[in-house]
Trainee: 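Structure in structure tokens, see below.
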Amino acid sequence: MAETKNGSIRIDKWLWAARFFKTRSLAAEAVVGGKVKVGGERVKAAKAIRVDDELSVHIGHFEYLVRVRSLSARLGPAPEAALLYEERAESKAARETLVAQLAATRVLYPRGEGRPTKKARREMIRFKKGSDR
């Protein structure tokens, strides 16, 4: 892990290096949009973070509560990126519970028989319009 000179790094660069976001600009947008908090406070993308800072990262439906373990300014392999932070146990458990809930509420649609024929499509149009033909 490449440690920075003064022991701190921009939060958007760290989020990108830790693989929370695919690009640094997406990380910066999330920080500016309030999806990332340091110690419970909203911050700007240029905020310098240090080792042992507590972060809250919202991505979609999920929330990651992590503690910064190491700093890196470069994008490395995924196993190396996972060493940059330590996720809280309650965060991991809450995320797994949410995944199970989302999977349970997912609506499964029966697979159709492919594209409708011209005749079938015309019948659907007539049915939707409510004509009596």
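The residues of the chain are indexed from 1 along the displayed sequence. Since we're looking at a predicted model, the values are computed, not measured.
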Trainee: May I ask whether L65 and V43 are part of the same hydrophobic cluster, defined by side-chain heavy atoms of I, L, V, M, F, W, Y residues being less than 4.5 angstrom apart, directly or through others?
Mentor: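 Different clusters: L65 never reaches V43 through Ile, Leu, Val, Met, Phe, Trp or Tyr contacts under 4.5 Å.
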
Trainee: Tell me whether S70 contacts the main-chain N or O of L84 through its side chain, where contact means a donor paired with an acceptor under 3.5 Å.
Mentor: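 Looks like no, no N/O pair under 3.5 Å.
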
Trainee: Might you point out which heavy atoms bring L15 and A27 nearest each other, and give the distance in Å?
Mentor: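 Closest approach of L15 to A27, heavy atoms only: CB-CB, 4.0 Å.
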
Trainee: Would you say S91's side chain and E87's backbone share a donor-acceptor pair under 3.5 angstrom?
Mentor: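 No, because the side chain of S91 does not come within donor-acceptor range (under 3.5 Å) of the backbone of E87.
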
Trainee: Measuring only between side-chain heavy atoms, which start at C-beta, is R24 closer than 4.5 Å to K13?
Mentor: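 Yes; the side chains approach each other to less than 4.5 Å.
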
Trainee: Aromatic contact between Y85 and F20, with the criterion being ring centroids under 6.0 Å apart: yes or no?
Mentor: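 Here the rings of F20 and Y85 have centres that are less than 6.0 Å from each other.
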
Trainee: Judged by atom type as modelled, is there a donor-acceptor pair below 3.5 Å linking the side chain of R122 to the main-chain atoms of T117?
Mentor: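 Checking the backbone N and O of T117 against the side chain of R122, no donor-acceptor pair under 3.5 Å is found.
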
Trainee: Run the side chain to side chain contact (heavy atoms under 4.5 Å, CB included) test against A82 and tell me which residues pass, sequence neighbours left out.
Mentor: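 Partners of A82 by the side chain to side chain contact (heavy atoms under 4.5 Å, CB included) criterion come out as none, since no residue qualifies.
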
Trainee: Got a sec, which residues hit side chain to side chain contact (heavy atoms under 4.5 Å, CB included) with K44, two or more places apart in sequence or on another chain?
Mentor: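 Residues passing side chain to side chain contact (heavy atoms under 4.5 Å, CB included) with K44: none at all.
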
Trainee: Under a 4.5 Å cut-off applied to non-hydrogen side-chain atoms, are L26 and W16 in contact?
Mentor: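 Answer no - side chains too far apart.
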
Trainee: Which heavy atom in A17 sits nearest to a heavy atom in S72, and how many Å separate them?
Mentor: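 What the structure gives for the nearest pair is CB-O, 3.4 Å.
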
Trainee: If the threshold is 4.0 Å, N to carboxylate O, is there a salt bridge linking E80 and R74?
Mentor: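 So E80 pairs with R74 through a salt bridge.
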
Trainee: With rounding to the nearest 0.5 angstrom, report the CG to OG distance, L71 to S8.
Mentor: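 Nearest 0.5 Å value for the CG-OG distance: 7.5 Å.
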
Trainee: Starting at OH of Y64, measure out to CZ of R88 and round the result to the nearest 0.5 Å.
Mentor: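 Between atom OH of Y64 and atom CZ of R88 there are 15.5 Å.
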
Trainee: Between W14 and I9, what is the shortest heavy-atom contact and its length?
Mentor: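 Nearest heavy atoms, W14 then I9: CB-CG2, 3.9 Å.
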
Trainee: What are the two closest heavy atoms between R19 and G76, and how far apart are they?
Mentor: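 Smallest interatomic distance, heavy atoms only, reads NH2-O, 2.7 Å.
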
Trainee: For residues 50-58, which side-chain N or O atoms pair as donor and acceptor with protein atoms under 3.5 Å away, sequence neighbours left out?
Mentor:
residue, atom, partner, partner atom, Å
D52, OD1, R67, NH1, 2.4
D53, OD2, R50, N, 2.9
S56, OG, E63, OE2, 2.9

Trainee: Could you tell me whether the side chain of H61 reaches within less than 4.5 Å of the side chain of L102, counting heavy atoms only?
Mentor: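 The answer is yes; the side chains approach within 4.5 Å.
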
Trainee: For F62 versus R95, what's the shortest heavy-atom pair and its separation?
Mentor: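 Closest approach of F62 to R95, heavy atoms only: CD2-CG, 3.2 Å.
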
